[in-house]
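Beneath this line is the structure, given in structure tokens, with notes to follow.
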Amino acid sequence: MTPVTVRVPAKVNLQLSVGPRRDDGYHDLVTVYHAVSLFDEVTVQSADKTSVRVTGQDAASVPAGRANLAARAARALAARLNRRRKSGVQIEIRKRIPMAAGLAGGSADAAATLVACNDLWDAGLTPAELREVAAGLGSDVPFALLGGTAVGQGRGERLTAALAAGSYHWVLAFAAGGLSTPEVYAACDRLRAARGSGHEAALSTELMAALRSGDPAAVGPLLSNDLQPAAISLRPDLRRALAAGPEFGALGAIVSGSGPTCAFLAANAGHARELAVSLTGSGVCRGAVRVRGPAAGAAVIAAEPE
Ligand code: ATP
């Protein structure tokens, strides 16, 4: 069968409102996801046994084999299809999304694998059916299928496309090393318990209105992330990076998801270029890239001829 390649975007959270910890250990969330043009590529082809090969960014640290979310996605789709025979796939991941960076790279690879295997096996699952399988794999996986800008509720998996106008120029500033998402949530719980604070998760109607206007100057000051204090408590150096953005004219500066990547909103493409150079030059990050949002969700880019 012909190999299938899928391109899938990273995400940032324009708002991440975290409610109290639930009995099942998860937190109720309301989040505004935004897919950006930093892509992983995943190629699948039929094989006797399922295997995963990772190249590119952080390749040496990304788990290979069964622990990789992409392999779990292929198995979950085969189970959903009751596909017992010929369900082995060789999965090749070309990573550009750093690992454990708050950009949902693992979730992206899982989403890409679902789309790729659905195509490879000619399974014909609809986008809604794929999103159901995706929700069983992780909170951020359904959004990586959908892309664009969307509101996520529950653990983040219940999605509604957002009415957002315009396109946005961002700079992503990468930190050395990653942060574990469960550890950041645990730190958030500790900080809240110590302060006796906490609240129900709620959508910012001001942010949604700003997104409808398509004006980055309106969106910038409304970016918010309840996990940011927790991420900073684990990585105090993030404070310097976040402060540097506005010094170089960023319209907004925020930790992406559970961090440690910081996302800076620029006024336009030219400003994003200057911002990336200034942030890298100032030494507050290990590197910075310019990206645009919203980007499309996971999609087949090539079915190579045999
Ligand atoms: P989250 O989606 O939980 O916010 P994140 O975006 O910060 O996480 P990911 O890059 O998704 O980080 O990695 C989270 C963990 O998932 C890693 O520590 C890694 O061990 C595991 N993992 C499994 N498969 C993959 C994959 N294909 N790419 C990256 N990480 C993976």
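We count ligands from 1, going down the list as the structure has it; atoms in each ligand are counted the same way.
Ring pair Y168/H34 is perpendicular by interplanar angle, where above 60° counts as perpendicular and below 30° as parallel.
Taking 4.5 Å as the limit, every side-chain heavy atom of T5 sits out of range of all side-chain heavy atoms of V300. Residues F174 and L103 form a side-chain contact, since some pair of their non-hydrogen atoms from C-beta on lies under 4.5 Å apart. Side-chain contact between K49 and Q90: absent, with no pair of heavy atoms (C-beta onward) separated by less than 4.5 Å.
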Can you list the steps and then say if R7 with E41 is a salt bridge (charged side-chain N to carboxylate O under 4.0 Å, His left out)?
-> CA-CA 5 Å; R7 190 174 87 151; E41 277 181 17; over 6 Å; no
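A distance of 5.5 Å separates CG of L242 from CD1 of I232, quoted to the nearest 0.5 Å.
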May I have the N/O to N/O pairs between ligand 1 and the protein that fall below 3.5 Å, each with atom names and distance to one decimal?
| unit_1 | atom_1 | unit_2 | atom_2 | d |
| --- | --- | --- | --- | --- |
| ligand 1 | 2 (O) | D140 | OD2 | 3.4 |
| ligand 1 | 3 (O) | T181 | OG1 | 2.9 |
| ligand 1 | 4 (O) | T181 | OG1 | 3.3 |
| ligand 1 | 6 (O) | L103 | N | 3.2 |
| ligand 1 | 6 (O) | A104 | N | 2.5 |
| ligand 1 | 7 (O) | A101 | N | 3.3 |
| ligand 1 | 7 (O) | G102 | N | 2.8 |
| ligand 1 | 8 (O) | T181 | OG1 | 3.4 |
| ligand 1 | 10 (O) | A100 | N | 2.9 |
| ligand 1 | 11 (O) | G106 | N | 2.8 |
| ligand 1 | 12 (O) | A100 | N | 3.2 |
| ligand 1 | 24 (N) | L69 | N | 2.9 |
| ligand 1 | 27 (N) | N68 | OD1 | 3.0 |
| ligand 1 | 27 (N) | N68 | ND2 | 3.4 |
| ligand 1 | 27 (N) | D109 | OD2 | 2.9 |
| ligand 1 | 28 (N) | K95 | NZ | 3.2 |
| ligand 1 | 28 (N) | D109 | OD2 | 3.4 |

